[in-house]
Amino acid sequence: MKIDRFTKAVLLGFTITLGTASLGAAETLRVMQGSASSSLKVSMNRAVVVESDEPFAEVSIANPGIADISTLSDRTLYVLGKAPGRTTLTLLGPDARLITNVEVHVTPDIAEFKERLRQILPNERIEVRTANDGIVLSGTVSSIARLDRALDLANRYAPDRVSNLMMVGGTQQVMLKVRFAEMQRSVRKNLSTSFAMNGPFASGGNGSFVNGDTVGALFDGDPTTIPSSSVEATGRYVFGFNAGGVQLAIGLEALESKGLVRTLAEPNLTALSGQTAKFLAGGEYPIPVIDSDGGVFVSYKPFGVELQFTPRVVDGDVINLQLTAAVSGVDTTNTFQSGGFSINAFRRRETSTTVELRDGESFAIAGLLEDDFKDLAGQVPWLGDIPVLGALFRSADYARQQSELVIIVTPHLVTPTRGEALALPTDRIRPPTEAELFLFGRTGSDNRPRTGAAGEVAKQDFSGSYGYVME
């Protein structure tokens, strides 16, 4: 019997030694004078040794699924944490007398988690605590990206049981500056000749022959006279003569036109990291729409300068931008008519993208280069092929249009400033008095601040930055 007990003790000790070696050194809790010195906290998959001043004859655990027990002697007990939770350990003496009830609290193993957290995020001030069967993270991190890394690591140790009480430090407000720049250039050249005759070519009346123009453009309607010149069209000259009963007219038209259009828009918008901001400077165009019942209702389509973006401060001054920017306007040259309504088309330039850049850096997120070319030559068959004189029976039209569009974005990390340091463009000009307007012809009076922070801001031109301090 003694040999059997000795063998069991040796095997139990060997097993416990292996378990302890694999799990780490076990902590110790002492039971003195019928009560435990403190509640028993056990990390999951780790062990605690309970020592009692009084020998116990029986030991039990309320929930074996939370903690497992093994007796080493009549005064020593081995408790192994199995699953997060709380249970009760009961010790009874030889006379079935209650020695003590020990509250056993099994928590996730955060020792390894803390070690991994220090290795992955060494410079972050993150505090780790346990709550029931979960992990609570608190403190301040430098960026949202590092906050996400800490939460992802915590979820590996306590899946779906992580409470996030961390705060993100640093500047988390982003001002986005978008520049739309477009240049359009057009050139058109036209050279044409018109030849017309009016005379008794048809029985019972007058006849005519025209090349490249209408009779009314070359003749004033009176068959007895021919205008020596015409100014109805720019670059046109008409001359003619009479030969008996035949009227001859020749019209020359030479026209060259050039055009240049410059379009620039610079919307600025500020938003908190992770939040979406919208901006529209323009209006809404009414469009009639027919519903399924045949009724007509009005739908409004916005136009103008539109900006919508969602910034996200990734790490330090690295900013992730998800944005949609557009510039649109009503195109009166292209209309649609239906049911008594005349609806104009829209000319729109839009881009939607996601980029990542640092504070103050710029990115050309979109660009467009168009080059349209068109030429047209017309002539009277056979007559236009005659050398020298054939030019009177030919016309040529040349047109070329070029446009270039660039959209550039620049984000800035910004912080608010004091209200008295803000200066608006309208603060610089005040309405003139009657004497200033009627006697001196002044349409405005300089009213800009002269002293203080507002005075320093007012020294800037209208393209300066207002309302924010850039880092």
Side-chain angles (χ1 to χ4, degrees), residues 1-117 127-138 154-163 165:
M1 187 66 178
K2 292 182 179 181
I3 297 176
D4 184 56
R5 291 182 179 177
F6 178 79
T7 303
K8 290 182 180 179
V10 171
L11 292 176
L12 179 59
F14 180 76
T15 303
I16 293 175
T17 302
L18 291 178
T20 305
S22 62
L23 297 174
E27 299 178 359
T28 302
L29 174 70
R30 295 189 61 85
V31 178
M32 299 175 293
Q33 298 179 355
S35 63
S37 59
S38 64
S39 61
L40 183 59
K41 293 185 178 180
V42 186
S43 297
M44 192 170 59
N45 297 325
R46 292 186 178 271
V48 170
V49 177
V50 178
E51 294 183 350
S52 176
D53 289 343
E54 300 182 22
F56 54 82
E58 185 178 352
V59 60
S60 63
I61 191 77
N63 189 348
I66 296 178
D68 195 8
I69 56 175
S70 297
T71 56
L72 303 180
S73 67
D74 59 352
R75 295 177 183 268
T76 308
L77 183 65
Y78 191 83
V79 181
L80 176 65
K82 296 177 63 177
R86 292 177 180 270
T87 186
T88 303
L89 173 66
T90 303
L91 300 179
L92 299 177
D95 53 355
R97 179 179 52 87
L98 176 64
I99 298 178
T100 186
N101 283 324
V102 181
E103 182 181 357
V104 180
H105 183 197
V106 180
T107 61
D109 185 10
I110 63 174
E112 182 181 358
F113 170 61
K114 289 181 178 180
E115 182 180 353
R116 296 292 179 267
L117 197 61
E127 299 179 2
V128 182
R129 297 180 178 88
T130 59
N132 196 7
D133 59 344
I135 296 177
V136 178
L137 300 180
S138 60
N155 274 303
R156 294 185 176 274
Y157 287 87
D160 301 325
R161 300 190 307 274
V162 179
S163 298
L165 302 180

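Just so you know, residue 1 is the first one in the sequence shown, and it goes up from there. All values reported here derive from a predicted model rather than from experimental measurement.
- Minimum interatomic distance between A67 and V106 (heavy atoms only, all atoms of both residues): CB-CG2, 4.3 Å.
- What you find for R46 and L80 is that their closest heavy atoms are O-CD1, 3.4 Å.
- Closest non-hydrogen pair, A57 versus G93, comes out as CB-O, 3.7 Å.
- Within the structure, the salt bridge (charged side-chain N to carboxylate O under 4.0 Å, His left out) test picks out the following pairs touching residues 84-93 (sequence neighbours left out): R86-E103.
- Every residue meeting the ring pair (Phe, Tyr, Trp, His ring centres under 6.0 Å) condition with F113, not counting sequence neighbours, appears here in chain and number order: Y157.
- Rounding to the nearest 0.5 Å places CG of N63 at 12.5 Å from CG of L89.
- Shortest non-hydrogen contact noted between A83 and M44 is CA-SD, 4.0 Å.
- For D95, the CG atom counts as densely surrounded, since its 6.0 Å shell holds more than 12 non-hydrogen atoms of other residues, nucleotides or ligands.
- Pairs engaging residues 45-77 under the ring pair (Phe, Tyr, Trp, His ring centres under 6.0 Å) rule: none recorded [sequence neighbours left out].
- Listed by first then second residue, pairs satisfying salt bridge (charged side-chain N to carboxylate O under 4.0 Å, His left out) with a partner in residues 61-84 number zero, not counting sequence neighbours.
- Atom CZ of residue R97 and atom CG of residue L91 lie 11.0 Å apart, to the nearest 0.5 angstrom.
- The structure places CG of L117 at 12.0 Å from CD of E112, a figure rounded to the nearest 0.5 Å.
- Not a single side chain to side chain donor-acceptor pair (under 3.5 Å) links E58 to another residue, sequence neighbours left out.
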Quiz item: Under the side chain to side chain contact (heavy atoms under 4.5 Å, CB included) criterion, do L98 and L92 qualify, and how do the steps go?
Solution: CA-CA 5 Å; L98 176 64; L92 299 177; 3.8 Å; yes

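- Note: R129 CZ to L137 CG = 10.0 Å, rounded to the nearest 0.5 Å.
- Contacts of T90 classified as side chain to side chain donor-acceptor pair (under 3.5 Å), with partners at least two apart in sequence or in another chain: N101.
- Separation of atoms OG1 (T130) and CD1 (I135) is listed at 8.5 Å; rounding is to 0.5 Å.
- Closest heavy-atom contact between T87 and I61: CG2-CD1, 3.7 Å.
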